Every structure is written in structure tokens, then in C-alpha cells.
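Because the structure is predicted, anything quoted here is derived from the model rather than measured.
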Amino acid sequence: MRARTWQGVLRAVTTLVTLDAFAQAMFAGRFMAGSYDALDAHQANAGVLFVGILVMAGCFAAAWLLASAPGWPAAVGAALTVVAGLQIMFGYRMVLAVHIPLGVMLVAGLLTLTVRVWNPAPAAIAGTGQ
């Protein structure tokens, strides 16, 4: 794949995963507001979000290996995969003192990746003469 194609794939995957993370936070908020059905949605969406983060990390790793993209997003994606796994574990064990801060870290990390994927790197801008 060309670098431009990888950029489109990474933008799409990262945006979808980040939107799903915001939905996950919304389900948690609805549960805390008293909607017990939202807990089932939060639980079901946890698996969807984990798979999405795993796919996203794989896309970043593939772009790094196949298209000479920077390696740091692949490392961040791998770290977010580990954090998501811990997030699920602490959620099932109901350790909210760890589960909630990990959730905030997860959303912040995904949001950072999304912003970086949509903003061109300074080196790329300098190379195009803009």
C-alpha cells in the first residue's frame, strides 16, 4: 500500500476506535446516573473496544513496517492494548479506583493518537514546500 492509503486507513480506524471509547464513557456515565441497562452495554462494548484497539495497533505496526511510518504510534497502540486489557480486568473485579483512571488514560491516549493522525507531521509539511 502507498503511504497515502495507509494515512486514510489509520485515520479511519483511529477515529472509529476513539468514537467507540467516547461511547464507552457515555455508557459508564449512564450507569452511574442510575440506568442499570447501561452496565450491560458498557460490558458488551468493552470487548468491541478492545478488539478495535488491537486492530488499530496492528494497523499502526503494519504502517510502520510496510510504509516506513513512524514507530512511536505502533508503540502507543501496543501500550493502549495493554491498558485496555487491564481496564477490562479491573472492571470485572470492580476495582473502580483503578478502572476509572485507566479509562481516562485510555480515552486521552486515543484522542492524542487521533489528533496526531489527522494533523500532518512538521517534517511532512516541510517536505512539500507548504
Margin query: When you measure from the side chain of T114 to the backbone of L110, do you find a donor-acceptor pair of N or O atoms at a distance under 3.5 Å?
Written below: yes

Notebook entry, point to check: Do L80 and L113 come within less than 4.5 Å of each other through their side chains, counting heavy atoms only?
Noted result: yes

Check: Which atom pair, heavy atoms only, marks the closest approach of A78 to A57?
Finding: N-CB, 4.0 Å

Item checked: T14 and W118: side chain donor to acceptor below 3.5 Å -> no

Notebook entry, point to check: Which heavy-atom pair separates A21 from L49 by the least distance, and what is that distance?
Noted result: N-CD1, 3.8 Å

Notebook entry, point to check: Under 3.5 Å, is there a donor-acceptor pair between the side chain of Q87 and the main chain of H99?
Noted result: yes

Next item on the list: Apply side-chain contact (heavy atoms from CB on, under 4.5 Å) to R116 and W72, showing your working.
Entry: CA-CA 11 Å; R116 292 298 301 256; W72 70 266; 3.8 Å; yes

Check: Any chain of hydrophobic side-chain contacts (each under 4.5 Å) joining V76 to V117?
Finding: yes

Next item on the list: Measure across A74 and W64 and return the closest heavy-atom pair with its distance rounded to 0.1 Å.
Entry: CB-CE3, 4.3 Å

Note to self: I'd like to know if L19 and V48 are part of one continuous hydrophobic network [Ile/Leu/Val/Met/Phe/Trp/Tyr, side-chain heavy atoms within less than 4.5 Å].
What the structure shows: no

Notebook entry, point to check: Do V13 and F60 come close enough that some side-chain heavy atom pair is under 4.5 Å?
Noted result: no

Note to self: Let me confirm one number: the CE-OG1 distance from M56 to T15, rounded to the nearest 0.5 Å.
What the structure shows: 10.5 Å

Margin query: Looking at every non-hydrogen atom in both residues, tell me the closest pair between G85 and F50 and how far apart they are.
Written below: N-CE1, 3.8 Å

Notebook entry, point to check: Between atom CD1 of I88 and atom CD of Q43, what is the distance when rounded to the nearest 0.5 Å?
Noted result: 10.0 Å

Notebook entry, point to check: Which one of V17, L54, L10 satisfies the side chain to side chain contact (heavy atoms under 4.5 Å, CB included) criterion with C59?
Noted result: L10

Next item on the list: With rounding to the nearest 0.5 Å, note down the distance linking CZ in F27 to CG in D37.
Entry: 11.5 Å

Notebook entry, point to check: Going from CG on L86 to CG on L106, what distance comes out if it is rounded to the nearest 0.5 angstrom?
Noted result: 10.5 Å

Margin query: Could you see if F31 belongs to whatever hydrophobic cluster contains M26? Use Ile, Leu, Val, Met, Phe, Trp, Tyr and a side-chain cutoff under 4.5 Å.
Written below: no

Note to self: Under a 3.5 Å distance rule, please check whether Q24 uses its side chain to pair with a backbone N or O of H42 as donor and acceptor.
What the structure shows: yes

Notebook entry, point to check: For the atom pair CE (M105) and OG1 (T112), what is the distance rounded to the nearest 0.5 Å?
Noted result: 11.5 Å

Margin query: Just so I know, are the side chains of I100 and M32 near enough to count as touching, which here means a heavy-atom distance under 4.5 Å?
Written below: yes

Check: Same cluster or not: are V82 and V95 linked, directly or through other Ile, Leu, Val, Met, Phe, Trp or Tyr residues, by side-chain heavy atoms under 4.5 angstrom apart?
Finding: yes

